[in-house]
Amino acid sequence: MSKPSPEIQLDVRDLEVHYDGIRALHGVSFSVPKGEIVTLIGANGAGKTSILRAISGLTPCTGAIAFEGQDLRRVPAHRIVGLGIAHVPEGRGIFGNLTVQENLQLATWQRTDKGEINADYDRVFGLFPRLRERREQPGGTLSGGEQQMLAVGRALMSRGRLLLLDEPSMGLAPRLVREIFRIIVDINQTGVTVLLVEQNANMALHIAARAYVLETGAITLAGTGQELLGDPRVKEAYLGA
Ligand code: ATP
């Protein structure tokens with residue numbers, strides 16, 4: 001008997017993005033099964049950030065984007081977080097003058113389940129003990145790694161069921177890169193689906209169930225993380241082999 005197909009949480013079809021008439025994405029299609037880690041790898045400028053921004057409604061696009069069956073292209077950007085999509089942008093986007101606690105609190109403004117917010121602070125501080133130690137400190141005084149943790153913590157405070165992560169390892173020392181990938185796996189194991197955009201193909205493919213290679217705005221390879229780790233084209237172009 002064949003295995004039942006997993007439930008698709010996010011389905012992207014024929015996505016196109018143009019900037020000033022220049023096509024940055026050429027009809028990209030992929031899907032993200034509920035509860036999995038899916039990664040998009042590709043070089044600088046391949047279009048990875050554009051895909052995440054289109055999903056969050058931050059970049060105009062054509063094509064179809066369905067989240068849990070709902071057409072996201074009909075939903076204004078400020079409502080997309082409320083549907084359960086949390087975006088951790090490249091560059092982290094934390095508020096330097098606000099404390100760690102205030103940065104986390106900001107992510108909860110749309111939530112209606114106020115009674116559960118305290119439990120979520122405990123969950124975030126459990127994942128990131130350093131944020132607990134620094135909760136009264138302004139975000140701008142944190143190290144790069146701590147700021148990345150705060151950006152991920154903020155996404156968790158919005159109770160996303162789908163986490164969009166844009167280059168979470170960028171600019172981090174190797175030890176912190178390993179730590180942030182371990183935390184992504186921990187978060188996924190609590191039931192959160194992850195769509196991870198990375199230039200660190202090696203780490204991303206190791207934790208991803210499914211992976212896509214993006215080259216100049218189009219998907220050129222797809223497979224399980226393990227399959228792509230063993231693919232000679234991936235090895236040569238992205239794994240430094
Ligand atoms: P990076 O890792 O550098 O962020 P990426 O794979 O995420 O790369 P995108 O940022 O999505 O790629 O960029 C895809 C293409 O679109 C690139 O050629 C980039 O120069 C171009 N581009 C992105 N944003 C804009 C913009 N706001 N205006 C014009 N061109 C843009």
Side-chain angles (χ1 to χ4, degrees), residues 10-32 37-65 67 72-73 76-78 80-81 85-94 144-145 147-148 150-152 154-155 160 162-174 176-177 180-181 184 193-208 210-223 225 228-229 231 233-240:
L10 178 78
D11 190 57
V12 173
R13 290 294 119 200
D14 305 320
L15 187 66
E16 296 219 352
V17 166
H18 292 85
Y19 298 108
D20 302 324
I22 297 171
R23 201 156 59 145
L25 292 180
H26 307 248
V28 167
S29 300
F30 66 96
S31 56
V32 180
I37 299 178
V38 172
T39 189
L40 298 168
I41 60 169
N44 229 331
K48 306 179 300 297
T49 296
S50 299
I51 293 176
L52 296 191
R53 289 181 55 85
I55 295 167
S56 286
L58 301 171
T59 291
C61 61
T62 60
I65 306 174
F67 175 66
L72 287 189
R73 295 206 40 240
H78 67 276
I80 287 181
V81 178
I85 298 183
H87 190 156
V88 181
E90 196 174 359
R92 302 156 194 156
I94 66 162
Q147 289 191 11
Q148 188 64 63
L150 179 55
V152 174
R154 201 173 50 182
L162 170 64
L163 189 57
L164 308 178
L165 291 171
D166 197 345
E167 306 254 7
S169 74
M170 188 150 72
L172 300 185
L176 285 174
V177 171
I180 206 91
F181 276 93
I184 294 167
T193 310
V194 176
L195 177 57
L196 168 68
V197 152
E198 259 299 334
Q199 283 195 52
N200 189 331
N202 187 26
M203 294 292 277
L205 293 175
H206 270 102
I207 66 165
R210 193 154 185 81
Y212 296 88
V213 174
L214 194 72
E215 284 173 3
T216 52
I219 287 175
T220 52
L221 279 174
L228 292 199
L229 272 173
D231 188 300
R233 291 163 292 182
V234 174
K235 281 188 181 167
E236 193 191 326
Y238 301 104
L239 302 176

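Atoms considered below: every heavy atom in the structure, side chains included; atoms not considered: hydrogens, waters and symmetry mates. Indexing begins at 1, ligand by ligand and atom by atom, following the structure's order.
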Option set G45, A54, G217, criterion heavy-atom distance to atom 14 (C) of ligand 1, minimum = G45

Ligand 1 contacted by Q199 (non-hydrogen, < 4.0 Å) | yes

If you have a sec, work out which protein heavy atom is nearest [atom] and how many Å separate them, to one decimal?
{"atom": "atom 12 (O) of ligand 1", "result": "G47 N, 3.0 Å"}
{"atom": "atom 1 (P) of ligand 1", "result": "N44 OD1, 3.3 Å"}
{"atom": "atom 26 (C) of ligand 1", "result": "Y19 CD2, 3.4 Å"}
{"atom": "atom 10 (O) of ligand 1", "result": "T49 CB, 3.6 Å"}

Ligand 1 atoms in contact with K48 (distance to a heavy atom under 4.0 Å) = 2 (O), 5 (P), 6 (O), 7 (O), 8 (O), 11 (O), 12 (O)

Output yes when a protein non-hydrogen atom is found under 4.0 Å of atom 20 (O) of ligand 1, and no otherwise.
-> no

Any protein heavy atom < 4.0 Å from atom 23 (C) of ligand 1 | yes

Counting both backbone and side chain atoms, is some N or O of S50 under 3.5 Å from an N or O of ligand 1?
-> yes

Could you say whether the N/O atoms of A46 and ligand 1 ever approach to under 3.5 Å?
-> yes

Distance in Å, L214 CG paired with T220 OG1, rounded so as to fall on 0.5 Å steps | 7.5 Å

Could you list the residues that satisfy side-chain contact (heavy atoms from CB on, under 4.5 Å) with E167, not counting sequence neighbours?
-> K48, E90, M170, V197, E198, Q199

List in chain and number order the residues that pass side-chain contact (heavy atoms from CB on, under 4.5 Å) with A54, two or more places apart in sequence or in another chain; answer none if no residue qualifies.
-> L15, V17, C61, I65

Paired with L195, the side-chain contact (heavy atoms from CB on, under 4.5 Å) test is passed by just one of I55, I37, T39, namely I55

Ligand 1 contact on E167 by region, counting heavy-atom pairs under 4.0 Å = side chain

Flag, side chain of R154 to backbone of G93, donor-acceptor distance under 3.5 Å | yes

